[in-house]
Amino acid sequence: MKIGYPCINESLPCTSSSTFRLASFSEERLLETTARNFACLENILEYNVAHNLLFFRMSSDLVPFASHKICTVDWQMHFKSTLEKIGRYIQNHGLRISMHPDQFVVLNSPKPEIVENSVRELVYQCEVMDLMQLESSAKLQIHGGGVYGDKPAAMQRFIETYALLPENVKNRLVIENDDRLYSLQDCLFIHEQTGIPILFDNFHHECLNNGEPMHEALALAAQTWQENDGILMMDYSSQALGERKGKHTDQIVEALFREFLLELRGLDLDIMLEIKNKEVSALKAVSIAREMGLLV
DNA sequence: GCCGGTCAAGGTCTT
DNA sequence: AAGACCTTGACCGGC
């Protein structure tokens with residue numbers, strides 16, 4: 001088991017997702033910003049290794065506007081050795097890595113242009129991991145997309161678009177159950193048609209499910225991961241008390257996390273804490289998992 | 001320096 | 001039809 005947090009480390013004085021306005025785009029600005037982002041990423045990874053946080057989600061903004069038409073800069077060539085160096089560090093320390101394109105990546109949109117842009121974004125994020133020479137257990141997680149008033153047709157479009165993706169993207173792409181539209185069962189249907197592994201989100205599952213108890217849901221998701229995908233990845237969160245249903249808590253609720261770990265019943269997986277205070281909650285999660293004998 | 005409006009991108013739900 | 005919300009930090013212009 002590895003535990004981690006997404007993108008931002010609030011204890012460090014740097015960010016790996018600095019960007020700029022599209023209007024200020026220039027080759028120089030892009031290279032300068034990207035260099036700073038990768039330098040900060042190295043700092044974050046070192047912090048993570050020092051604190052036994054061995055699962056990390058890299059920011060989508062490492063290379064600002066990389067998938068935008070405005071960007072003709074050969075950042076791949078420019079940062080080749082930097083990326084290889086970071087990749088070796090990840091490999092040497094046994095870090096598990098993911099990336100999570102945001103809400104604008106929608107593979108099943110009825111609008112071809114949106115699908116094209118989405119694929120470009122996936123290709124960019126995949127390239128970052130490819131250039132780092134990460135194993136196929138480093139993943140790119142997306143949601144099912146929209147429903148557009150006809151879920152079977154929408155799922156069919158996802159399946160058809162998936163089949164057309166470049167091989168390297170397919171090797172890394174995983175689908176995550178969401179809290180309103182695509183349940184675990186929907187993801188399982190898509191998995192059966194495509195082979196795509198399911199990244200399990202416990203909190204989304206609490207919000208939207210078909211009655212599967214937590215352990216059963218975990219087991220169903222786990223069996224969609226093949227040998228070369230690595231073990232199951234999951235996002236962990238819980239409800240923010242007194243807030244709208246589906247709102248993430250801003251700090252880990254330790255009792256709930258303990259309860260959740262009991263549901264694993266020996267299942268091995270990597271846990272990403274999708275909680276606002278980032279590494280602080282992740283560190284608490286590490287100590288709880290240690291207490292319970294799930295982590296050394 | 002600090003503040004607050006704004007930022008590439010989508011979809012769903014409410015009014 | 002238009003606006004809010006999701007979720008979010010950081011940019012950037014205006015003071």
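First the proteins, then the strands, lettered A, B, ... as listed; each starts at 1.
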Quiz item: What pairs of residues pass the side chain to side chain donor-acceptor pair (under 3.5 Å) test when at least one of them lies in residues 66-75 of chain A, not counting sequence neighbours?
Solution: A/S67-A/E121
Exercise. Classify the nucleic acid contact of A/Y148 as base, sugar-phosphate or nothing, counting any heavy atom under 4.0 Å across all strands shown.
Key: sugar-phosphate
Quiz item: More than 12 non-hydrogen atoms from neighbouring residues, nucleotides or ligands closer than 6.0 Å to CD on A/E263, yes or no?
Solution: yes
Practice problem: Rounded to whole angstrom, note down the P distance from C/dT8 over to B/dC2. | Solution: 26 Å
Exercise. Determine the interatomic distance between P on C/dA10 and the same-named atom on B/dG10; round to the nearest Å.
Key: 23 Å
Quiz item: Across the strands shown, which category fits A/V105 at heavy-atom distances under 4.0 angstrom: base, sugar-phosphate, nothing?
Solution: nothing
Self-check item: B/dC7 and C/dG3, which share atom name P, separated by this distance in whole Å
Solution: 15 Å
Exercise. Summarise how protein sits on nucleotides 2-15 of chain C as a single string, 5' to 3': B when a protein heavy atom is under 4.0 Å from the base, S for sugar-phosphate-only contact, - for no contact.
Key: ----BS-SSBS---
Quiz prompt | side chain to side chain contact (heavy atoms under 4.5 Å, CB included) between A/V119 and A/L107, worked out | solution = CA-CA 7 Å; A/V119 173; A/L107 285 188; 4.2 Å; yes
Quiz item: Using the C1' atom in both, what is the distance from B/dT6 to C/dT7, to the nearest Å?
Solution: 15 Å
Quiz item: Quick one: how far along DNA chain B does chain A reach, first to last nucleotide 5' to 3', anything under 4.0 Å to a heavy atom?
Solution: B/dG5 to B/dT12
Quiz item: Quantified in whole Å, what is the P atom distance between nucleotide C/dG9 and nucleotide B/dG11?
Solution: 24 Å
Quiz item: With ring centroids as reference points, do A/F203 and A/H248 lie under 6.0 angstrom apart?
Solution: yes
Quiz item: Among all residues two or more places apart in sequence or in another chain, which pass the side chain to side chain contact (heavy atoms under 4.5 Å, CB included) test with A/Q193?
Solution: A/I159, A/F189
Exercise. Please collect all salt bridge (Lys or Arg N to Asp or Glu O under 4.0 Å) contacts where either partner lies in residues 180-191 of chain A, sequence neighbours excluded, each pair once.
Key: A/K151-A/D186
Exercise. With A/R29 as the cation and A/F65 as the aromatic partner, state whether NZ or CZ is under 6.0 Å from the six-membered ring centre and within 45° of the axis.
Key: no
Exercise. Could you check A/F260, A/Y5, A/F200 and say which one makes a ring-ring contact (aromatic ring centres under 6.0 Å, His included) with A/Y236?
Key: A/F260
Quiz item: Name the stems that DNA chain C belongs to, where each is three or more consecutive Watson-Crick or G-U pairs with both distances under 3.5 Å?
Solution: B:1-7 with C:9-15, B:10-15 with C:1-6
Exercise. For A/R57 and A/M99, indicate whether the former's side chain and the latter's backbone hold a donor-acceptor pair under 3.5 Å.
Key: no
Quiz item: Rounding to the closest angstrom, what is the interatomic distance between C/dA4 and B/dG5 at atom P?
Solution: 14 Å
Practice problem: Indicate yes or no for a side-chain donor-acceptor contact from A/D201 to the backbone of A/N177 under 3.5 Å, with no hydrogens or angles considered. | Solution: no
Quiz item: Any sub-3.5 Å donor-acceptor pair from A/K170's side-chain atoms to A/A163's backbone N or O?
Solution: yes
